[in-house]
Number of protein chains: 2
Amino acid sequence: MATPLGLNLREKGKLERRQRIERAAREVFRERGFDAATTREIAARAGVGNATLFLYARDKTQLLAWVFRDELAAVNESALTPLTGDEPLVDRLERFFRPRYELWARDPRLSRAAVRAALMANTERGEERDGDPIATLWPRLVERIAAVVTMNQRDGAIDPSVDPQVAARLVFDVYSTEVHEWLACPAPSVDDGLLQLRAVLALASRAMQKQPA
Amino acid sequence: MATPLGLNLREKGKLERRQRIERAAREVFRERGFDAATTREIAARAGVGNATLFLYARDKTQLLAWVFRDELAAVNESALTPLTGDEPLVDRLERFFRPRYELWARDPRLSRAAVRAALMANTERGEERDGDPIATLWPRLVERIAAVVTMNQRDGAIDPSVDPQVAARLVFDVYSTEVHEWLACPAPSVDDGLLQLRAVLALASRAMQKQPA
């Protein structure tokens with residue numbers, strides 16, 4: 001007996017439940033950490049049945065991806081601020097990664113779980129990874145870095161003969177390993193993390209700058 | 001009532017049990033994979049009690065480290081073959097990493113568990129990591145790469161003004177991320193893996209080569 005109005009109500013109810021689950025997941029993860037949190041407690045906090053929760057999220061990892069989704073979207077927005085003329089490449093790269101380090105430093109325990117889950121998803125599922133929000137955090141980041149490389153090539157900060165995909169991999173590989181090790185500290189500081197990242201990216205930048213023939 | 005002979009016998013017994021446990025771990029891991037293997041089955045296969053096994057190894061991950069220890073030692077030996085005069089840096093780096101890719105490709109499922117466990121150990125325990133054989137796989141690798149960098153600086157293939165520690169981090173970060181993604185393939189091929197690694201290391205090499213002032 002679906003009427004247009006009925007459909008809207010159902011859809012509205014669905015959206016509302018989803019938001020309640022997301023909020024509950026955020027709270028429970030923050031309170032207990034990822035490992036100790038249970039989907040049962042998240043369902044109870046959201047006021048939905050355990051089976052209902054699994055209609056919305058496949059597993060605990062997908063709930064974790066929801067929690068970071070909006071914040072990562074904001075980070076990705078802010079990271080694409082316009083370039084300034086003669087800013088060195090390493091400064092531009094640091095400016096790209098700083099909001100990400102700031103995000104991860106807010107709740108290191110939860111960030112550690114998210115960054116680790118993203119890597120695991122990337123190294124576990126192969127083709128299955130499409131549609132998994134955690135798994136797509138990583139490939140999307142490589143694409144974003146490739147876009148930044150292309151922008152910097154137009155701007156003259158990166159040698160136009162460098163393959164943007166390879167340059168993006170280089171920068172991504174550095175970020176990926178460094179951010180993991182940084183998050184291993186009990187209380188990772190944004191400045192310490194960026195200092196180490198910057199040292200390695202400064203060397204990588206030498207490879208991307210124009211070289212005399 | 002320990003006599004010198006008695007002590008030797010005890011020590012001999014201990015060593016023998018350790019070897020039996022190691023062999024059993026290798027067999028059970030190969031048959032079941034790391035996740036499905038249980039310390040209970042490994043103890044039974046080795047003919048020791050469950051409690052006895054834990055006198056030798058702290059957990060399943062430490063048993064996994066044992067399984068790879070000798071092979072990694074052999075890889076590390078072979079990776080330090082003398083440099084040839086005018087071999088490009090990227091070829092030297094590929095030659096350094098090839099035996100490692102060959103080792104990991106032999107049993108990808110088990111290698112995936114080992115590489116992942118090494119990363120997790122590195123990002124989980126902070127100061128506790130000393131003495132954990134899995135955790136020390138990574139830091140040791142960075143040291144080895146730094147030694148290779150220094151060798152190449154003496155040889156003229158790497159700019160002597162480059163900080164060997166930073167260069168080692170750059171190469172290590174690339175290897176670390178690339179090997180994880182490569183091992184995510186259901187049947188990772190050594191040549192495919194090295195091709196991708198080489199592409200990124202070729203760009204990184206540009207940063208390390210001598211540049212005109």
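Throughout, protein chains are lettered first and strands after them, A, B, ... in sequence-line order, and every chain is numbered starting at 1.
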Student: Considering all heavy atoms of both residues, which atom of B/Arg206 and which atom of A/Ser161 are nearest to each other, and what is their separation?
Tutor: NH1-OG, 4.3 Å
Student: Please round to the nearest 0.5 Å and tell me the distance separating atom CZ of A/Phe172 and atom CD of B/Glu178.
Tutor: 8.5 Å
Student: Within a 6.0 Å radius of atom CZ on B/Arg40, are there more than 12 heavy atoms belonging to other residues, nucleotides or ligands?
Tutor: no
Student: Donor-acceptor pairs are to be reported for all side-chain atoms of residues 184-193 of chain B against protein atoms at under 3.5 Å, with residues two or more places apart or in another chain.
Tutor:
unit_1	atom_1	unit_2	atom_2	d
B/Ser189	OG	B/Asp191	N	3.4
B/Ser189	OG	B/Asp192	N	3.0

Student: Within this structure, what is the CZ-OG1 distance for the pair A/Arg169 and B/Thr177, rounded to the nearest 0.5 Å?
Tutor: 7.0 Å
Student: Heavy-atom distance under 4.5 Å to chain A: side chain of B/Gln165, backbone, both or neither?
Tutor: neither
Student: May I have the step-by-step check of side-chain contact (heavy atoms from CB on, under 4.5 Å) for B/Leu170 and A/Leu170, ending in yes or no?
Tutor: CA-CA 9 Å; B/Leu170 180 61; A/Leu170 180 60; 4.0 Å; yes
Student: Under 4.5 Å from any heavy atom of chain A, what part of B/Ala167 do you find: side chain, backbone, both or neither?
Tutor: both
Student: Using the ring pair (Phe, Tyr, Trp, His ring centres under 6.0 Å) rule, collect all pairs that involve residues 182-206 of chain A, keeping only residues at least two apart or in two chains.
Tutor: A/Tyr101-A/Trp182
